[in-house]
Participant: 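First the structure, which I've put down as structure tokens, then a few questions once you've had a look.
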Amino acid sequence: QVQLVESGGGLVQAGGSLRLSCAASGNIFRIDVMGWYRQAPGKQRELVAGITRSGSTNYADSVKGRFTISNDNARNTVSLQMNSLKPEDTAVYYCNAVFLSTWGDRNTDYWGQGTQVTVSS
């Protein structure tokens, strides 16, 4: 009933930029937190950045100062502006949301399908 759809991944040279977007739709009453995670081959999935409904943000140390997360509460979307990309940023990036459904349940286990980001050297 709820879906998260990511877009914006691609191939970029080191030092370049990409902007990822995630749109949530379905039986959503209110989104409390949206975040971006990434997973590289052979590695654990890690939090990249998160943002609360009120605008409080949290970033992984490895991306702090280079990435910026933002949201649009009215449209249930979150974006990740990625600048000064490095080869080590290469991974599949996933969108996650913590939300209150229209049925009154709080949900944390909804993920997008993932979008590939590849940074060449």
Side-chain angles (χ1 to χ4, degrees):
Q1 297 295 328
V2 173
Q3 56 185 302
L4 304 176
V5 180
E6 302 108 330
S7 62
L11 175 64
V12 65
Q13 292 182 335
S17 298
L18 284 173
R19 185 176 180 86
L20 306 182
S21 295
C22 174
S25 61
N27 298 324
I28 299 170
F29 177 74
R30 185 190 71 225
I31 295 178
D32 294 323
V33 184
M34 295 190 79
W36 287 96
Y37 293 72
R38 68 186 181 188
Q39 187 167 25
K43 295 185 178 181
Q44 298 282 84
R45 184 174 297 188
E46 63 175 350
L47 174 68
V48 178
I51 185 167
T52 68
R53 180 176 179 83
S54 63
S56 179
T57 59
N58 182 35
Y59 296 93
D61 289 340
S62 60
V63 307
K64 196 170 297 181
R66 299 188 296 121
F67 293 8
T68 302
I69 190 169
S70 61
N71 61 0
D72 184 337
N73 293 328
R75 293 174 172 80
N76 289 335
T77 61
V78 63
S79 297
L80 184 69
Q81 179 66 46
M82 305 186 294
N83 298 327
S84 302
L85 283 162
K86 305 175 181 179
E88 48 264 47
D89 294 319
T90 296
V92 178
Y93 285 69
Y94 298 91
C95 176
N96 173 258
V98 179
F99 65 92
L100 189 68
S101 76
T102 55
W103 299 98
D105 298 320
R106 193 168 188 264
N107 298 271
T108 61
D109 294 330
Y110 280 87
W111 297 85
Q113 81 285 355
T115 185
Q116 177 70 49
V117 171
T118 302
V119 184
S120 64
S121 60

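Basis for what follows: all heavy atoms, side chains included, without hydrogens, waters or symmetry-related copies.
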Participant: Got a sec, which pairs hit ring pair (Phe, Tyr, Trp, His ring centres under 6.0 Å) with one end in residues 59-108, sequence neighbours left out?
Facilitator: F99-Y110
Participant: Test of understanding: with side chain to side chain contact (heavy atoms under 4.5 Å, CB included), list the residues that count as partners of Q116, not counting sequence neighbours.
Facilitator: T90, V92, T118
Participant: Looking at every heavy atom in both L80 and A49, which two are closest together, and how far apart are they?
Facilitator: CD1-CB, 4.1 Å
Participant: Could you tell me whether a side-chain N or O of N96 sits under 3.5 Å from a main-chain N or O of T108, the two making a donor and an acceptor?
Facilitator: yes
Participant: Report the residues that fulfil side chain to side chain donor-acceptor pair (under 3.5 Å) with T102, sequence neighbours left out, ordered by chain and then residue number.
Facilitator: none
Participant: Which residue pairs pass the disulfide bond (SG atoms under 2.5 Å apart) test when at least one of the two sits in residues 66-121, sequence neighbours left out?
Facilitator: C22-C95
Participant: Does R66 have any salt bridge (charged side-chain N to carboxylate O under 4.0 Å, His left out) partners at least two apart in sequence or in another chain, and if so, which?
Facilitator: D89
Participant: For residues 6-49, which residue pairs pass the ring pair (Phe, Tyr, Trp, His ring centres under 6.0 Å) check, not counting sequence neighbours?
Facilitator: Y37-W111
Participant: Give a yes or no on whether D105 atom CG has more than 12 heavy-atom contacts from other residues, nucleotides or ligands under 6.0 Å away.
Facilitator: yes
Participant: Looking at residues at least two apart in the chain, or sitting in another chain, which of them share a side chain to side chain donor-acceptor pair (under 3.5 Å) with S25?
Facilitator: none
Participant: Kindly give the heavy-atom pair with the smallest separation between S17 and N83, and that separation in Å.
Facilitator: OG-OD1, 2.8 Å
Participant: Drop me the distance from Q13's CD to S121's OG, to the nearest 0.5 angstrom.
Facilitator: 9.5 Å
Participant: Determine yes or no for a side-chain-to-main-chain donor-acceptor pair under 3.5 angstrom, with E6 supplying the side chain and Q113 the backbone.
Facilitator: yes
Participant: Any salt bridge (charged side-chain N to carboxylate O under 4.0 Å, His left out) involving residues 71-81? Give me the pairs, sequence neighbours left out, ordered by first then second residue.
Facilitator: D72-R75
Participant: Which residues satisfy the side chain to side chain donor-acceptor pair (under 3.5 Å) test with R19, sequence neighbours excluded?
Facilitator: Q81
Participant: So, do I31 and V78 sit near enough that their side-chain heavy atoms are less than 4.5 Å apart?
Facilitator: no
Participant: Atom CG of N107 and atom CD1 of I28: how far apart are they, to the nearest 0.5 Å?
Facilitator: 9.0 Å
Participant: If you round to the nearest 0.5 Å, how far is CE of M34 from CG of N76?
Facilitator: 7.0 Å
Participant: Tell me every residue that passes side chain to side chain donor-acceptor pair (under 3.5 Å) with R45, counting only those two or more places apart in sequence or in another chain.
Facilitator: none
Participant: Just jot down the salt bridge (charged side-chain N to carboxylate O under 4.0 Å, His left out) partners of K64, sequence neighbours excluded, or say none.
Facilitator: D61
Participant: Kindly say whether T52 contributes a backbone atom to a donor-acceptor pair with the side chain of N71 at under 3.5 angstrom?
Facilitator: yes
Participant: Could you tell me if the side chain of R106 sits less than 4.5 Å from the side chain of D32, heavy atoms only?
Facilitator: yes
Participant: For the residue pair S21 and S79, what are the closest heavy atoms and their distance?
Facilitator: OG-OG, 3.5 Å
Participant: Apart from V98 itself, what residues make up its hydrophobic cluster when side-chain heavy atoms of I, L, V, M, F, W and Y under 4.5 Å apart count as a link, directly or indirectly?
Facilitator: V33
Participant: Is the number of heavy atoms from other residues, nucleotides or ligands under 6.0 Å of Q1 CD greater than 12?
Facilitator: no
Participant: Below 4.5 Å, heavy atoms only, C-beta onward: do R38 and V63 meet side chain to side chain?
Facilitator: yes
Participant: Taking all non-hydrogen atoms of both residues, which atom of K43 and which atom of Q39 are closest, and how far apart?
Facilitator: O-NE2, 3.1 Å
